[in-house]
Amino acid sequence: MKSDKTDFIREIINNDLKEGRYKKIHTRFPPEPNGYLHIGHAKAICLNFDIAEEYGGKCNLRFDDTNPTKEELEYVDAIKQDIKWLGYDWEEREYYASDYFEKLYDMAVDLIKKGKAYVCELSPEQIREYRGTLTEPGKESPYRNRPIEENLRLFKEMRDGKYPDGAMVLRAKIDMASPNLNMRDPVMYRIVHTSHHRTGDKWCIYPTYDWAHGQCDSIEGITHSICTLEFQDHRPLYDWFIEQLGIHHPRQIEFARLNLTYTVMSKRRLLELVEGGYVQGWDDPRMPTLSGMRRRGYPPAAIRKFCRNIGVAKTESVVDIELLEHFVREELNKTAERRMAVLNPLKVVIINYPEDKTEELEAINNPEDTSAGIRKIPFSKVIYIEKDDFMENPVPEFYRLAPGREVRLRYAYFIKCVDVIKDKNGDIVELHCAYDPATKGGNAPDGRKVKATLHWVSAKHCTIGEVHLYEHLFIKEDPLDTSGPGDFKDNINPNSLRILKNCRLEPSLSDVKAGTVFQFERLGYFCVDPDTKGNCPVFNRTVSLKDEWEKIKKRKIKE
RNA sequence: UGCCCGGUGGUGUAAUGGUAACACACCGGCCUUUGGAGCCGAGGUUCGAGGUUCAAAUCCUCGCCGGGCAGCCA
């Protein structure tokens, strides 16, 4: 089976199949359970699961849990939830590197017996010194030529807990003069007296990633081990292990990890944001984590589409976050029901509308999807419109409401502003407008046109809600770009979260389910936050609508 | 100054020796009961210099620039 997509990875796979190197395709996604998954992981998940599906193969989920000091069960559960949410299924193939600890141990013994590994008692500092530098070869450890029997005994004793942390390690015996530092007798096992979230206290020696990873892939029959660029230099080491052991040889292919503008993507830095209280948690809607995006209202379909669209290559690159937002808008435009909500309310009294009258007006739920149907919205004498939709002294480019000007209220009537009411400070507190009864529904029988259509809610009928507006978490396209001392946290955007507590929502928004995303007409997409309680819904702005007027305003400020 | 990898519009990916394509962004226009959506159009000669060839983004050489590697992290 072939794929019609032609990135360099699929090309290699096509070729391997053609040449008969592998009969079936088997990939894997191998996260370390030491943090939450982010959009960069999504790229790897989509790659591995999509490839497996395209070629009629399988993709395993395997947790790389070789370091008990950093890994936790909480992360395992979160990772599983995120992958499922993204839309992928590893079926019964949920594996752990720790499942193979015994096999790995046996393989290490095999290597010792072959004279290819030895127990070394150099301290970590000494190992570093002996390793040499980028330009100078290293020198051999005095323990390098220990008799095999002694290595066997010592390694067993390491496992049996006879030695404290750091006392000795098992090292591969390769080449201390190799120009590739990974080949200078790398560590395979270290002593760590820490219980493991799965194996408990069964082990006090743990394999390093470099030793474990390739063998785990081999054991699972993985054909293509897709990983990120920084492991390129390790490939010769992985190949060496596999060859010494004489076991199934997966092909490793490296690709460039995803970077996004205005985003940090390392787990270390994300952890720092969480632990330092710069955000409210791993699932803070400003985080690039999958759980953050879920809470923000990003549809998984949009993330998948994004991951497929950015392509895969070896060039290190930074993708514009607007591309992600584009796919979010594209998906939500098709699926999200429209509602009207006024974020910054300005009171409008329709002076010629009867005092106690209420009309039910019809509104379309989603113009992109007629099956979404229609709903009724109440209209009455006093309404709210958006403050930004009125300008007392309008600039030429502004064609919304202004003194003496007529606009349309969406699905309702044409109104004309006849009076501007101000308080003693001169701030506008209320508008008086006259409506034209003949324009009910939004069209004038005489054919006259208005330039703008405004969203609104009826004051008497609306419900109050809280809205969270988000901006990029960082003010710089590259958050790591810091001048002078300090670090990326100095680039945090102080306005990344703005809370509006006095928003007026159309009545249908009083009873909503967490996770639902609506389009608030003319404003953007908003997702019901799980923390919504009682009768005051909380909405997270997923993404704004593209806004021509906003662009014009910015341009005018620049001039 | 060792080894490995990479350089195509603003951004990201295509083009696999034969007219540099697509998406996003940007700019201009059309349309519009969302300044949304949709539609149409403009913008690059492929890091540089040589070479091979009828023909080079693609092959070769030499540069230049960027990234990774000296954890008992992954």
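In this text, all values refer to a predicted model and were calculated from it rather than measured experimentally.
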side-chain N/O A:Thr208 vs B:rG71 OP1/OP2, d < 4.0 Å
no
Centre-to-centre under 6.0 Å for A:Phe379 and A:Trp456, is that the case here?
yes
How is A:Arg235 classified with respect to the nucleic acid when contacts are heavy atoms under 4.0 Å: base, sugar-phosphate, or nothing?
nothing
Of all the choices, B:rA15, B:rU8, B:rU1, which nucleotide is nearest to the side chain of A:Thr135 once you look at every atom?
B:rU1
A:Arg504 to A:Tyr384, cation-pi by 6.0 Å centre distance and 45° axis angle
yes
Please classify the nucleic acid contact of A:Asn67 as base, sugar-phosphate, or nothing, using heavy-atom distances under 4.0 Å.
sugar-phosphate
With P as the reference atom in both, quote the distance from B:rC24 to B:rC39 in angstrom, rounded to an integer.
9 Å
Check whether the side chains of A:Glu157 and A:Tyr163 place a donor and an acceptor atom closer than 3.5 Å, and report yes or no.
yes
Under a 4.0 Å threshold between the charged nitrogen and the carboxylate oxygen, would A:Lys156 count as salt-bridged to A:Asp160?
yes
Map A:Arg329 and A:Phe8 onto RNA chain B by nearest heavy atom, then report which one ends up closer to the 5' terminus.
A:Phe8
Take atom C1' in B:rG48 and the same atom in B:rC65, then report the distance between them in whole Å.
10 Å
Is any NZ, NE, NH1 or NH2 atom of the basic residue among A:Arg251 and A:Asp16 found under 4.0 Å from an Asp or Glu carboxylate oxygen of the other?
yes
If the cut-off is 4.0 Å, is A:His326 near the phosphate of B:rC24, judged by side-chain N/O to OP1 or OP2?
yes
Mind calculating the distance between NZ (A:Lys70) and C1' (B:rC73) to the nearest angstrom?
4 Å
Are A:Tyr75 and A:His197 an aromatic pair by the rule of ring centers under 6.0 Å?
no
From B:rU13, B:rG68, B:rG12, nucleotide with atom closest to A:Glu230 side chain
B:rG68
Hey, does the Lys NZ or Arg CZ of A:Arg408 hover above the aromatic six-ring of A:Tyr413, less than 6.0 Å from the centre and inside 45° of the axis?
no
Over-ring placement of A:Arg269 relative to A:Phe488, 6.0 Å and 45° cut-offs:
yes
Would you measure the distance from the C1' atom in B:rG35 across to the matching atom in B:rG10 and give it in whole Å?
25 Å
Would you say A:Arg190 reaches B:rA74's phosphate, i.e. side-chain N/O to OP1/OP2 under 4.0 Å?
yes
Residue pair A:Phe8 / A:Ile253: nearest heavy atoms and the distance that separates them:
CE1-CG2, 3.6 Å
How is A:Val450 classified with respect to the nucleic acid when contacts are heavy atoms under 4.0 Å: base, sugar-phosphate, or nothing?
nothing
Rounded P spacing from B:rG12 to B:rG67 in Å:
14 Å
So which protein N/O to nucleotides 9-11 of chain B N/O distances come out below 3.5 Å?
unit_1, atom_1, unit_2, atom_2, d
B:rU11, O3', A:Val318, O, 3.3
B:rU11, O2', A:Val318, O, 3.0

If I pick the C1' atom on B:rC4 and the same atom on B:rC40, what distance separates them, to the nearest angstrom?
48 Å
Answer with base, sugar-phosphate or nothing: what part of the nucleic acid does A:Tyr206 contact at a heavy-atom distance below 4.0 Å?
nothing
Base orientation of B:rG63, chi within 90° of 0 counted as syn, else anti, reads anti
Going by ring pair (Phe, Tyr, Trp, His ring centres under 6.0 Å), name the residues that satisfy it together with A:Trp282, two or more places apart in sequence or in a different chain.
A:Tyr36
Measure CG/A:Asp210 against P/B:rA74 and give the value in whole Å, please.
8 Å
Does a salt bridge link A:Lys451 with A:Glu406, judged by any charged N lying under 4.0 Å from a carboxylate O?
no
Quick check on the 6.0 Å ring-centre criterion: do A:Tyr105 and A:Phe155 meet it?
yes
Would you indicate what A:Phe398 reaches in the nucleic acid, counting non-hydrogen atoms under 4.0 angstrom: base, sugar-phosphate, or nothing?
base
base_contact_polar (B:rG36 base, A:Glu368 side chain, donor-acceptor, <3.5 Å)
yes
For a quick check of understanding: with a heavy-atom distance under 4.0 Å over all strands, which category does A:Glu397 fall into, base, sugar-phosphate or nothing?
base
Can you tell which of B:rA74, B:rG7, B:rC72 lies closest to the side chain of A:Thr315?
B:rG7
Any side-chain donor-acceptor pair under 3.5 Å between A:Asp369 and A:Ser371?
yes
Under a 4.0 Å threshold between the charged nitrogen and the carboxylate oxygen, would A:Arg257 count as salt-bridged to A:Glu316?
no
Spacing between A:Asp547 atom CG and B:rG35 atom P, to the nearest angstrom
9 Å
5'-most contact on RNA chain B: A:Phe231 or A:Pro367, nearest heavy atom basis?
A:Pro367
Considering only side-chain heavy atoms of A:Asp233, which listed nucleotide, B:rC4, B:rU34, B:rC72, is closest?
B:rC4
Using the C1' atom as the reference point in each nucleotide, state the distance between B:rA25 and B:rU58 in Å, no decimals.
28 Å
Taking atom C1' of B:rC73 as reference, at what distance in whole Å does atom CG of A:Asp64 sit?
12 Å
Between B:rU34 atom C1' and A:Tyr399 atom OH, what is the distance in whole Å?
11 Å
I'd like the P distance from B:rA37 over to B:rC5, given in whole Å.
44 Å
Test: salt bridge (Lys or Arg N to Asp or Glu O under 4.0 Å). Region: residues 325-336 of chain A. Which pairs qualify, not counting sequence neighbours?
A:Lys305-A:Glu330, A:Glu331-A:Lys334
Just checking A:Thr66: base, sugar-phosphate only, or nothing, at a heavy-atom cut-off of under 4.0 Å?
sugar-phosphate
Would you check if there is a donor-acceptor pair between the side chains of A:Tyr238 and A:Asp210 at a distance under 3.5 Å?
yes
Would A:Tyr209 and A:Phe231 count as a close aromatic pair, with their ring centres under 6.0 Å?
yes
Does A:Tyr189 reach a base, just sugar-phosphate, or nothing at all? Heavy atoms under 4.0 Å.
nothing
Measure centre to centre between the rings of A:Phe526 and A:Phe520, then say whether the value is under 6.0 Å.
yes
Considering just the side-chain nitrogens and oxygens of A:Arg257, establish if one lies under 4.0 Å of OP1 or OP2 belonging to B:rG6.
no
Write down the distance between CG (A:Leu122) and C1' (B:rA70), rounded to a whole number of angstrom.
15 Å
Check nucleotides 26-28 of chain B for protein N or O atoms closer than 3.5 Å to its own N or O atoms and list the pairs.
unit_1, atom_1, unit_2, atom_2, d
B:rC27, OP1, A:Arg555, NH2, 3.1

For nucleotides B:rG68 and B:rA14, find the distance between their P atoms and express it as a whole number of Å.
22 Å
In whole angstrom, what separates A:Glu71's CD from B:rC73's C1'?
10 Å
I'd like to know if A:Arg128 reaches the base of B:rG71 with its side chain such that a donor and an acceptor end up less than 3.5 angstrom apart.
no
Listed range with range, the stems formed with RNA chain B by at least 3 consecutive Watson-Crick or G-U pairs (under 3.5 Å) are B:2-7 with B:64-69, B:10-13 with B:21-24, B:27-30 with B:38-41, B:47-51 with B:59-63
How close or far is atom P of B:rU34 from atom CG of A:Asn443, stated in whole angstroms?
11 Å
Among residues 170-182 of chain A, which residues get a heavy atom nearer than 4.0 Å to RNA chain B?
A:Pro179, A:Leu181
